[in-house]
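Protein chains get the first letters and strands the later ones, always in sequence-line order, with residue 1 at the start of each.
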Number of protein chains: 2
Amino acid sequence: MDFVSHLTNNNIKPSLQRIKIFEYLYDNRKHPTVDTIYSNLVEDIPTLSKTTVYNTLKLFIDNGITATVTIEDNEVRYDAIMEEHAHFKCDTCGNVYDVEIDISTLKFKKIKAFKVETTNIYLKGKCNKC
Amino acid sequence: MDFVSHLTNNNIKPSLQRIKIFEYLYDNRKHPTVDTIYSNLVEDIPTLSKTTVYNTLKLFIDNGITATVTIEDNEVRYDAIMEEHAHFKCDTCGNVYDVEIDISTLKFKKIKAFKVETTNIYLKGKCNKC
DNA sequence: TCTAAATTTGTAATCATTACAATTTTATAA
DNA sequence: TTATAAAATTGTAATGATTACAAATTTAGA
């Protein structure tokens, strides 16, 4: 993945901060919170501000290269994988994993009344390590 | 629905506040926020405190008669309908609707690695009124 | 009725997020 | 290269939802 091209292709000027934040999201795939992103990246970029992390993530979301994961009501996580997938959170270890899924198999009733544009599927339970 | 029995059957002492809050959730089915619940009920119960609304909802959740709806990352909503269903939020009017769904039709790949206990499905788009 | 336990309430504290202005960096044109 | 404007980043303060906690009230049982 060429992060600079990816940002540029999505109308985002590739500053150092933006490249690093996207790279972190894309490479780690752990659906981190703002605090986690900030804590990890401030080691690389000592001047980094948490406001920049917020601003940048909002920019990414507005330009369609990042999505929020709201699997818990008290923490917002971020995800740079935009292909169709669900999320599973282990109640024991707290990790959030990607789950491949075929949303087209979902059968709704009375769904004709709505024009669905986005679908989010969140699963919880216990992972095989716990 | 006999709210007093429902609370009692779930080990919740049926105080006036608890009955009214559950009744509001169950009858309105609009997936309200804490503020909405408080604003509406304080007309009936002038002494009502927002802390009581928070405490009571937490009690309901712990005892399995209420669930949170985290379809947006900046607002927590509450739902007293515990039967399997998905939620649809209209991006235009902001209303959240229940959607009947058969979760058993969902086909996961590699899901064997996880023991799924709860499933939440959130849809967004445009409703037929907007 | 009396006492203890449970519930409710109001206030203060906490924490994530946003607003905003100042600073720094980048891009452009002379 | 230098000057200037625009964009991006930063730090601090403000906001708003939620929680902590102690006081007040209500309920239940002896």
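- Exactly one of B:Y26, B:Y78, B:F22 qualifies for a ring-ring contact (aromatic ring centres under 6.0 Å, His included) with B:F60. That residue is B:F22.
- Going from atom CD1 of B:I12 over to atom P of C:dT8 covers 11 Å, rounded to whole Å.
- Within the structure, salt bridge (Lys or Arg N to Asp or Glu O under 4.0 Å) pairs that include any residue of residues 118-130 of chain A comprise A:E72-A:K124 (at least two apart or interchain).
- Distance B:N74 CG to C:dT18 P: 8 Å, rounded to the nearest Å.
- Protein atom NZ of B:K13 is 13 Å distant from nucleotide atom C1' of C:dT8, rounded to whole Å.
- An OP1 or OP2 oxygen of D:dT10 is reached within less than 4.0 angstrom by a side-chain nitrogen or oxygen of A:Q17.
- When rounded to the nearest whole Å, the span between CG of B:L7 and C1' of D:dT27 equals 16 Å.
- Within a heavy-atom distance below 4.0 Å of DNA chain D, the residues of residues 40-66 of chain A found are A:T47, A:L48, A:S49, A:T51, A:T52, A:N55.
- Under the 3.5 Å distance criterion, with hydrogens and angles disregarded, no donor-acceptor pair is assigned to the side chains of A:T36 and A:S39.
- Here the C1' atom of nucleotide C:dC15 and the CG atom of B:D73 are 16 Å apart, to the nearest Å.
- Taking atom CG of residue B:D35 and atom P of nucleotide D:dT15, one finds them 17 Å apart after rounding to whole Å.
- Within the 3.5 Å criterion, the main-chain N or O of A:Y122 finds no donor-acceptor partner in the side chain of B:N120.
- The side chain to side chain donor-acceptor pair (under 3.5 Å) test with B:D98 is passed by exactly one of B:R29, B:K30, B:H31: B:H31.
- Residue contacts shown for A:E75 are absent, as no nucleic acid heavy atom lies under 4.0 Å away.
- Taking both residues in full, the closest heavy atoms of A:P32 and A:Y24 are given as CG-CE2, 3.8 Å, listed atom of the first, atom of the second, then distance.
- Here the shortest heavy-atom pairing between B:V4 and B:P14 reads CG1-CG, 3.9 Å.
- Across its full length, the helix from C:dT1-D:dA30 to C:dA30-D:dT1 shows an angle of 20° between the axes of its 5 terminal pairs at either end, rounded to 10 degrees.
- With hydrogens and angles ignored, the 3.5 Å screen pairs no side-chain donor or acceptor of A:T70 with any backbone N or O of B:D73.
- The distance between atom OH of A:Y38 and atom C1' of D:dT9, rounded to the nearest whole Å, is 12 Å.
- Closest-nucleotide positions on DNA chain C for B:R18 and A:V34 were compared, and the one nearer the 5' end corresponds to B:R18.
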